[in-house]
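Read through the structure below, which is laid out as structure tokens, and then see the notes.
Sequence positions, counted from 1, serve as the residue numbers for this chain.
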Amino acid sequence: EVHVVESGGGSVQDGGSLTLYCAAATSSYSRYYTTFCMGWFRQAPGKEREAVASIDSDANTRYSNSVKGRFTLSKDSAKNTLTLRMDNLKPEDTAMYYCAVDLNYYCSDTFWGGSADYWGQGTQVTVSS
């Protein structure tokens, strides 16, 4: 069992920045954390959930075209957290953001399509113009 907890959402003006954090906890926390595929998804009202960014156990990252160059995903092994730094935020980035964990070493296209083993409860990001 993996418990996924997100934090760091909030409200900012157009062009502002926010950082989201995700922690994945298991009974063998330190051992399993580094062998997960993890990522962020978002869902805006009336829209389907979409992938934002993912990172695999080798720290290879993948970004959606809509956030590439503005968002940066990283893992902090010392703090056992996944960090999504979001810069130059736009109103269209407004959504509920969800952290997802897949019990695979690499992130598959299936994961990118929204199929993950564990999900967090979500954290709201609101960007006003």
Side-chain angles (χ1 to χ4, degrees):
E1 183 73 23
V2 177
H3 186 52
V4 182
V5 179
E6 307 109 330
S7 61
S11 298
V12 294
Q13 295 284 332
D14 189 356
S17 298
L18 280 175
T19 300
L20 304 184
Y21 302 92
C22 174
T26 73
S27 59
S28 300
Y29 188 89
S30 60
R31 178 167 68 89
Y32 283 114
Y33 173 78
T34 58
T35 59
F36 289 159
C37 158
M38 298 180 71
W40 286 95
F41 294 76
R42 67 186 182 187
Q43 187 168 21
K47 295 187 177 181
E48 293 188 355
R49 184 174 57 195
E50 62 175 353
V52 175
S54 66
I55 187 165
D56 67 19
S57 302
D58 285 341
N60 298 307
T61 55
R62 178 178 181 179
Y63 298 94
S64 69
N65 289 333
S66 61
V67 307
K68 196 173 298 182
R70 300 187 297 120
F71 291 12
T72 303
L73 184 63
S74 61
K75 288 194 297 187
D76 186 331
S77 297
K79 296 181 179 179
N80 291 324
T81 56
L82 184 68
T83 301
L84 181 67
R85 171 70 180 184
M86 305 183 294
D87 295 314
N88 191 20
L89 282 161
K90 305 174 181 181
E92 51 265 41
D93 293 317
T94 296
M96 184 70 79
Y97 283 69
Y98 298 91
C99 182
V101 173
D102 202 50
L103 301 183
N104 289 299
Y105 194 88
Y106 294 111
C107 296
S108 66
D109 287 341
T110 302
F111 175 81
W112 192 255
S115 178
D117 291 316
Y118 298 97
W119 293 87
Q121 292 298 307
T123 185
Q124 178 67 37
V125 171
T126 302
V127 185
S128 56
S129 57

Do side-chain atoms of Tyr63 reach the backbone of Leu73 as a donor and acceptor pair under 3.5 angstrom?
yes

Ile55 side, atom CD1; Arg62 side, atom CZ - distance, nearest 0.5 Å
14.0 Å

Taking the side chain as every heavy atom from C-beta outward, state whether Glu50 and Val67 have any atom pair closer than 4.5 Å.
no

For the atom pair CG (Asn104) and CG (Asp117), what is the distance rounded to the nearest 0.5 Å?
6.5 Å

Asp58 side-chain N/O to Asn60 backbone N/O, donor-acceptor pair under 3.5 Å:
no

Taking all non-hydrogen atoms of both residues, which atom of Pro91 and which atom of Ser129 are closest, and how far apart?
CG-CB, 3.9 Å

Does Trp112 share a hydrophobic cluster with Phe36, counting links as ILVMFWY side-chain heavy atoms below 4.5 Å and allowing steps through other members?
no

Report yes if the side chains of Gln124 and Thr94 come closer than 4.5 Å at any heavy-atom pair, otherwise no.
yes

Measuring from atom OH of Tyr98 to atom OG1 of Thr123, what distance do you get when rounded to the nearest 0.5 angstrom?
10.0 Å

Ring-plane angle category for Phe41 and Phe111, please: parallel below 30°, perpendicular beyond 60°, tilted otherwise.
perpendicular

Does some side-chain heavy atom of Leu89 sit less than 4.5 Å from a side-chain heavy atom of Phe71?
yes

Show every disulfide (SG to SG under 2.5 Å) that has at least one partner inside residues 99-129, sequence neighbours left out.
Cys22-Cys99, Cys37-Cys107

Distance-minimising heavy-atom pair for Leu82 and Lys75:
CD1-CG, 3.6 Å

Please tell me whether Trp40 and Tyr21 are part of a single hydrophobic cluster in this structure, the criterion being side-chain heavy atoms less than 4.5 Å apart.
no

Does any part of the side chain of Asp93, heavy atoms only, come nearer than 4.5 Å to the side chain of Arg42, both counted from C-beta?
yes

Is Met38 linked to Tyr118 within one hydrophobic cluster, defined over Ile, Leu, Val, Met, Phe, Trp and Tyr using a side-chain heavy-atom separation of less than 4.5 Å?
yes

Are Leu18 and Val125 close enough that some pair of their side-chain heavy atoms sits under 4.5 Å apart?
yes

Tell me the closest heavy-atom pair linking Ser17 and Asp87, and the distance in Å.
OG-OD1, 2.8 Å

Taking atom CE of Met96 and atom OG1 of Thr126, what is their separation to the nearest 0.5 Å?
8.5 Å

Answer yes or no: is there a side-chain heavy-atom contact under 4.5 Å between Glu6 and Tyr97?
no

With rounding to the nearest 0.5 angstrom, report the CE to OG1 distance, Met86 to Thr19.
7.0 Å

Under 3.5 Å, is there a donor-acceptor pair between the side chain of Ser57 and the main chain of Tyr105?
yes

